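Given the structure is predicted, the values throughout are model-derived calculations rather than measurements. A note on names: the letters A, B, ... follow the listed sequences, proteins ahead of strands, and every chain is numbered from 1. Both backbone and side-chain heavy atoms feed into the values below; hydrogens, waters and symmetry mates do not.
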Amino acid sequence: MDQEEYVERVLALIERIPAGRVMNYGAIAAVVGVGGPRQVGRVMSQYGGSVPWWRVVHADGSLAVCHDGGARQHLVAEGTRFRPSGSVDMAAALWSPEELEGVPDSVGGP
DNA sequence: GCGCTGACTGAGG
DNA sequence: TCCTCAGCCAGCG
């Protein structure tokens, strides 16, 4: 697909991430179906300012090293679960677009 | 056409 | 639990 459409999909996906949830670069790349984590990171560096970039984290739950660590403040304010180590609790916070289509009535958390 | 760089990832020590 | 190594994909000069 065109680069423009790719960017469009990545940004649209990130905008759909609900407060208190996060996604990692690999998951986003998998949903979009093109390129890899690095490609997603590149798009974020250029267009990330228009979306809740702080909801995008590393595969292990650690936050993006950009923006002077401001991501943690945003996530905490949204009620995202953190582990004692300082990383996001991926088991509880990892979000997938399938949750919107597959379990619309279960929104509200475990 | 070539090489470098980067908001990554997974495995191993 | 934290640090390091090698691999992958695209954009840019």
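Remark: C1' of B:dG6 and CH2 of A:Trp53 are 17 Å apart, rounded to the nearest angstrom. We find that OH of A:Tyr47 is positioned 10 Å from P of C:dG11, with the value rounded to whole Å. As a whole-Å value, the separation of A:Met23 CE from B:dA7 P is 20 Å. Look at CE on A:Met44: it is 24 Å from P on B:dT5, rounded to the nearest Å. When rounded to the nearest whole Å, the span between CD of A:Gln39 and C1' of C:dG7 equals 17 Å. Rounded to whole angstrom, the span from the NE2 atom of A:His58 across to the C1' atom of C:dC3 amounts to 15 Å. As rounded to whole Å, 13 Å separates atom C1' of B:dC8 from atom CE of A:Met90.
By the 4.0 Å N-to-carboxylate-O rule, A:Glu78 lies close enough to A:Arg55 to be salt-bridged with it.
The partner of B:dA7, taking Watson-Crick or G-U wobble pairs whose two distances both stay under 3.5 Å, does not exist in any strand shown.
Nearer to the 5' terminus of DNA chain C, by closest-nucleotide assignment, is the contact made by A:Arg83 (compared with the other of A:Gln46 and A:Arg83).
Counting non-hydrogen atoms of other residues, nucleotides and ligands closer than 6.0 Å to CD of A:Gln46 gives a total above 12.
For A:Arg38 against B:dC8, a side-chain N or O and a base N or O form a donor-acceptor pair under 3.5 Å. Between the base of C:dG11 and the side chain of A:Arg42 there is no donor-acceptor pair shorter than 3.5 Å.
With A:Thr80 contributing its side chain and A:Leu75 its backbone, the two residues share a donor-acceptor pair below 3.5 Å.
Because its NZ or CZ atom is both nearer than 6.0 Å to the ring centre of A:Phe82 and within 45° of the ring axis, A:Arg72 counts as a cation-pi partner of that residue.
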